[in-house]
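Order of appearance sets the numbers: ligands from 1, and atoms from 1 within every ligand.
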Amino acid sequence: MRDNTAATASTIQADPARSLSSLKDIMTIPKLLRIATRKSLLALWQAEHVAALLRERYPQTQVELVPLSTRGDEILDRSLAAIGGKGLFLKELEVAMLEGRADLAVHSLKDMPVELDPGFALAAVLPRADAADAFVSFHHASLQALPQGARVGTSSLRRQALLRSLRPDLQINDLRGNVITRLAKLEEGQYDAIILACAGLERLELGQHIRQRLHAPDWLPAPGQAAIGIEALSAADDVLAGLAALDDAPTRRQVTAERAMNQALGGSCSVPVGAWCEQIDADWLVLSGLVGDIAGGQLIQASQHGEAAQPEVLGRAVAEQLLAQGAAAFLS
Ligand SMILES: NCc1[nH]cc(CCC(=O)O)c1CC(=O)O
């Protein structure tokens, strides 16, 4: 056995700038942290990123990855909306935590349901990357430059609704699989362009494929897009205390507003929903939201200011505005 007391003391001396609360984290953080992750390249990159942050902050802790297959990864021939949505990517990772095979799970926050299963907590949200979507094409420079009737690949209902509203002439085709698979299908010539998240491409060093960044106000990302969420058991106080040090307060405020809006709309992933929150000064946030109509190609949009200290209140207020404009008809 290693002498933990001595190890902790040397860490503390090495970094006198650490606050009292982070000293407490170092003393209580488990000696081993196992990170449950999906096996896609993007998921592994994100889990490795969290592992590196934890090793840097807690040099005495051993950090390991536990890569797992999820049902969401195995069912690739049907749209996510049709097979029951976002929880599919979490279930196996949550079971691993419940069975004591992992201590935390790393997810793309946009793939996490707003309400986690009982017994689980959103322990930390990392600083957000660029939340824009990417227009990716080998022959065309932008969405606007696509020829009439061009074929665009995406299975996201939000992206489909935005495309229909901005370019009703386009032919939108389903496109599933991980980021690499989707790029390969574009390369094979099955599509003239595809839409992906900039954050995913950049994390995999594929940012050179981004021809155009699609962002607010014309284009809104998914709630929580480009943020990494870390999940742990609500009862694991020592794990939660350690992870709290990684939480980025500005990102947490933004995504809390976006997710609260989504939840107040019913939180369904079978309806196109976009949300984008920005902090405009020390006290104020602006949240823009949209709900799309899959059948008709109609979009309802709303935007509102709210207090930075109460992101949930703002999220609910924008949801109410959307509902007042008739979004309920799309959500049922
Ligand atoms: N739906 C899959 C997914 N989940 C998170 C990302 C990208 C990274 C992120 O938004 O955090 C992607 C790929 C994509 O949408 O192109």
>> So if I count the atoms of ligand 1 from 1 in the order they appear, which ones are less than 4.0 Å from some heavy atom of L196?
In response: 16 (O)
>> So, 4.0 Å and heavy atoms of R159: is ligand 1 close enough to count as a contact?
In response: yes
> Have E115 and Q263 got a donor and an acceptor in their side chains that come within less than 3.5 Å?
Replying inline: yes
> With a 4.5 Å limit on heavy-atom distance, are the side chains of L314 and W284 in contact?
Replying inline: no
> Below 3.5 angstrom, do we get any N/O pair linking A197 and ligand 1?
Replying inline: yes
> Can you tell me if T28 and D238 form a side-chain donor-acceptor pair at under 3.5 Å?
Replying inline: no
> Does R182, backbone or side chain, put an N or O under 3.5 Å from an N or O of ligand 1?
Replying inline: no
> Applying a strict 4.0 Å limit to heavy atoms, is I228 in contact with ligand 1?
Replying inline: no
>> Could you list the cluster mates of F135? Members are the ILVMFWY residues connected by side-chain heavy atoms closer than 4.5 Å, either directly or through other members.
In response: L143, L146, V152, L162, L163, L166, L170, I172, I195, L214, W219, L220, W276, L290, L299
> Looking at residues at least two apart in the chain, or sitting in another chain, which of them share a salt bridge (charged side-chain N to carboxylate O under 4.0 Å, His left out) with R213?
Replying inline: D130, E202
> Any N or O on Q225 sitting closer than 3.5 Å to an N or O of ligand 1?
Replying inline: no
> Would T256 and E312 satisfy side-chain hydrogen bond (donor to acceptor under 3.5 Å, both in side chains), going step by step from the backbone distance to the final call?
Replying inline: CA-CA 6 Å; T256 300; E312 270 133 345; 5.7 Å; no
> With a cut-off of 4.0 Å, which atoms of ligand 1 are near a heavy atom of A226?
Replying inline: 9 (C), 10 (O), 11 (O)
